[in-house]
Amino acid sequence: MQGANYSLDRRTLLQRTGAATSIAGLAAIAGCIDDSNGDGDDEFVVTQGEFATTVDPNDHNDSPTYNVLDQVYEPLWDITSDGELEPRIVEEWDHPDDNTMELTVRDDVVFHEGQEMTASDVAYTINRAVDEDVGIVSEQADRYPGVTGAEAEDDTTVLVEHESVASLVEFNLATVATVVSEEWMEDQDQPANEELNGTGPYQVEEYTPDQDIIYTAFDDYWGDVPDIDRVRYRAASEASTRVSELETGESDLIVNVPPTDTAGIDELDDADIRTVTSLRNIFLVMPNDDEPFDSQEFRQAMNYAVDVDSIIDNVLDGFGAPSSQPLPEGVFGYNDELDPYPHDPEEAEALVEESGYEDVEITLESPEGRYLNDTEVAETAAQQIDQLDNVSCDFQIVDFESLTESSLDGDPSTSPDFFLIGWGNPTYDGDYGLTPWFVEGQASYNFMDDDIEEMITESQSVDDPDEREELLQEINAELYEAAPWVFLHREESIYGIRSDVDWEPRADESIFLDEMQR
Amino acid sequence: MSLAKFLIKRTLQGIFVVWGVVTITFGLRAIAPGDPVDLIVDPATSPEIRQQVREDMGLDQPLLIQYIEYLQGILVGDLGFSYQSRRDVTTMVIERVPATLELAIAATIVAIVIAIPLGVISATRRHQPSDYSATMFSLVGISTPNFWLGIMLILVLSVQFGVFPVSERPVGFVEAVTVLVTTGYFNDLITWFRHMTLPALTLGTYFTALITRLTRSGMVDELGKPYVTATEAKGLPSVLIRYKHVLRNTMIPIITVLGLQLGTLIGGAVITEWVFDWPGLGTRLINALYAGDWPVIQGVLIFIGIGFVVINIVVDSLYAYLNPRVVDE
C-alpha cells in the first residue's frame, strides 16, 4: 500500500482553516443565544394574523384589536364562554325603571398609572362612545343600542339612560364599554393612539405601534393576579410564518391556523391544536329586490342545492358546523328546533320550476382571504348550484372593500345579486345578528320583509327575557322559511398553543390571558 | 454645461417625477373601488355616523380640493392620517425606513460578498465544473421566487436545524451597535445578525445571481483584452491580474447596477418582509393594501418614489464626477 501524503500546502491549509472557522462561528451564533428574540424565556408570545389597528379602546370594532386591548382594559361586566353575564368592574346592576340602569362600581379599582377608578370614569367611558361631542366619533356607537348617555350619581353609582330593553343593553355593554380614566384621557390627543392606561390584569411595559406590545402582570389589580407574568402580543400576516414560529418555540399561541397545518402541529411534542366553533356565520346573501331572488321558492331552492356537509368535509377539512338560521348556536334567541336545509337537488329543481325562473343565469360573488377558505367555499357552492338542470351559476372573486361598499350601504338595490359574506355575534345577543340585516335604515339591510322587520323592532321593546327569547326564536323560524340567505356554516377558530397551557378557546374569538394557567 | 447645472437639471427632473408619483397615487385612490368610510368605521355603523366621519376626514370635499390640500400637506411633510389606525402617516412611513434600508443594504452586501468571487471564479475557469456550478447557481437564483425561497429557508434553517429565528427584527442595527460601543454588550448585535440573515439571503439571492452573471461576462470580456496578455507577459501573478486589473475594470457597470438595484430592493422587499414579518416599508404597504388604507399606501409609494429619484441623482452625480463627458452629453 502506498503511504498517504499528509503534507498540506499553504492554500489548502488556509481553505480548511477558513471553513472550520466559518462552521464554528455559525454554530456559536446559533448556540450562544438560546432565546432567539433576545427576550426572557418566561415571556409568553401570542402571534395573531393582524395587530391592533389602534390602542384607543373606544375607537375600534375588530377582533384582533379587542384581543390585544382586552388584557389592559376591562368591561363593566363580562360574558362568560357560556354566554352568562359576570360582574367585573361593576359589582351589581339594577333597573329602577324601564329606561334607566343603575350600576354600582367597585371601589377598589385603580388604573395602571395610579388614578383611582370612580363612577365618573365609567360614565365618561359610555358617553365617549355614544356622544361624539365628548371626544371621538366612535365606531362602537352602534353597539350601544338605545343608550343615550350616562351620569355619575356619586363615587360608586352610575345611571345609564337607555331607550331599548334592558337585557339588550346589558349584553352590549359587556363587550364594548371598556373603562378609561376621564382625567387621563382628557390629557391625550383624540383618539388616544399612543399610550394605554386601563384597569385590567396586565399593564404595558413597552409598546411599538403596529408591531408589538409587551405586558406584565399588574400587581395592584383588584382581582387575581395572572399566572402568566409577562406577555408579548405581535402579528405575522403570513400563516406559514405563524406555524413555523410555534414549531420553533418563538411563539406560544398562534391564531387562525390553516386546516392543512393542524396535523403537523398536533404531532409536535410541546404544542397542540385547540378549536372552537365560533359565533361567526358564513352565508350567501340573496337580496330580494330583484329577479330571481325575489321568489321565496327560488331562494329555498338555492339552500337545497348547496351541500354544506360536503363543503365542510372537503373544503374546510371538517372545520365548521352547518347553520340553519341567521343566529349561531349559543346566541340568545337561537332556535334549536331548526335543522339545516338538507342537500336535495331534486327538490331544488322542483322549487326552481315552481318559482318560474327556470334556466336562469346567476353569478355568485365572493371575497378572497377574508374568511377561512372563502373562495373555495363559494366556488364549490356555485358548482353545486350549477349542477341543477334548470339553473346556471357562475362564480366571481371580488375585492372585499368594493363588496362591502356595494352591499353594506343600506340599499339592497346596489348590492350584488348573490354574494358570500360572514357575520360575527360577539354580544351573544340575537339582536346584533338580526337588526343590521333585516331592519330598514341599517347598513347591512338587504332583505325587505315588513313582517319580519316589525317582529325585530318589537323584540327590542320586550322586557321579559323569556318572552324576548321566544320572539327571537320565532323570527329565526320565519327567516328559515323566507330563506334570505343560503345558510352555510359557522366558522371554526383554530389555535396552535403550547401543550402545558391550560386554556380553552372561546366561541366569541376573545382571548383573555389572565384565564390561562401554565 | 457645468456639474452644478447638470445636478440642478437632474434635481428638477426628480421633483417632476415625484410630483407625477404623487398625482398618480392620488388618482388611483380616487378611482379605487370602496368607500374609505367603510375602513374607518364598521360596516354596520349608521348612515349618520358615516356622514359625520366623511365630513371629519374631508372626504365630502370635491376631488380637486382634496388634491390641493394633499399637495399642500406634502410640502410641509404632512401625509395625512391612516384610515385604519388614525396615526400620522409621515411617522408611520419614516419609522419603517431603517428596517427596509438595513435589509436592502444587507442583501446588497450578501450579493457582493458571494457574487463577485463567484463571478471571477466562473470567468477564469470557463467550461470547468466550477463555472458550470456558478452558472447553474445564477440560473436557479434568478428563477427562484422570493416567497418560496423564504419559506424553504425557514423550514430548513429555522424549523429543522434551529440555526436562525423564523421572523421579526427585535433590535435595529444602529441600536445594536450603539449598545456595543457604549456598554461592550455584543448580544444585541448577534441577535440582529441572526434575525437579519435569512431575510437578507432571501432578498439577496436574485441580486447575487444577477451580479454573478454580470461579473462573469464582464471578466470574460476583459480577460480577452491585450493589456491582460501584456501583464501576463510581464510575469505578474495571475491573482494580481484578475483582482487588481481585470476586476477593477469590470466593476464600473457592476457599481451602476448595484446603485440602481438598491432602489429596487427598497421597493421590492415587500414579499421578503411579508414572509419574515420584517417591520419595514414592504409589510406596511401590503398591510395597507389589504386594508385599503389609501393614505398609508400613498405615503409608502411616494417615499419609495423619492428613494428611487434620490438614488438615481446620486448615481448620475457619481457618473458625472467620474466621467465628465456625461455632463456634456
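Note that this is a predicted model, so its numbers are computed, not measured.
- Of the two parts of B:Arg169, only the backbone, made up of N, CA, C and O, holds a non-hydrogen atom closer than 4.5 Å to a non-hydrogen atom of chain A.
- Applying the 6.0 Å contact sphere to CZ of A:Phe419 captures more than 12 heavy atoms from other residues, nucleotides or ligands.
- With a threshold of 4.5 angstrom between heavy atoms, B:Phe81 does not approach chain A through any atom at all.
- Using a 4.5 Å cut-off between heavy atoms, B:Gln160 makes no contact with chain A at all.
- For CD of B:Glu102, the number of neighbouring non-hydrogen atoms (other residues, nucleotides, ligands) closer than 6.0 Å is greater than 12.
- Looking at every heavy atom in both residues, B:Leu155 comes nearest to A:Ser244 through CD2-OG, 4.3 Å.
- Using a 4.5 Å cut-off between heavy atoms, A:Asp210 touches chain B through backbone and side chain atoms alike.
- Both the backbone and the side chain of A:Glu245 come within contact range of chain B, judged by heavy atoms closer than 4.5 Å.
- Rounding to the nearest 0.5 Å places CD of A:Glu194 at 9.0 Å from CG of B:Asp88.
- For A:Thr241 (side chain) and B:Val275 (main-chain N/O), a donor-acceptor pair under 3.5 Å exists by modelled atom type.
- When all heavy atoms are compared, the tightest approach of A:Ser240 to B:Ile151 is OG-CD1, 3.7 Å.
- For A:Thr248, the part sitting under 4.5 Å from any heavy atom of chain B is the side chain, from C-beta outward, and nothing else.
- Using a 4.5 Å cut-off between heavy atoms, A:Ala235 contacts chain B through its backbone alone, with no side-chain atom that close.
- Contact of A:Arg242 with chain B is not made at all, since no heavy-atom distance falls under 4.5 Å.
- Listed here is the closest heavy atom pair of A:Pro209 and B:Glu95: O-OE2, 4.2 Å.
- The backbone N or O of B:Val166 sits less than 3.5 Å from a side-chain atom of A:Glu250, completing a donor-acceptor pair.
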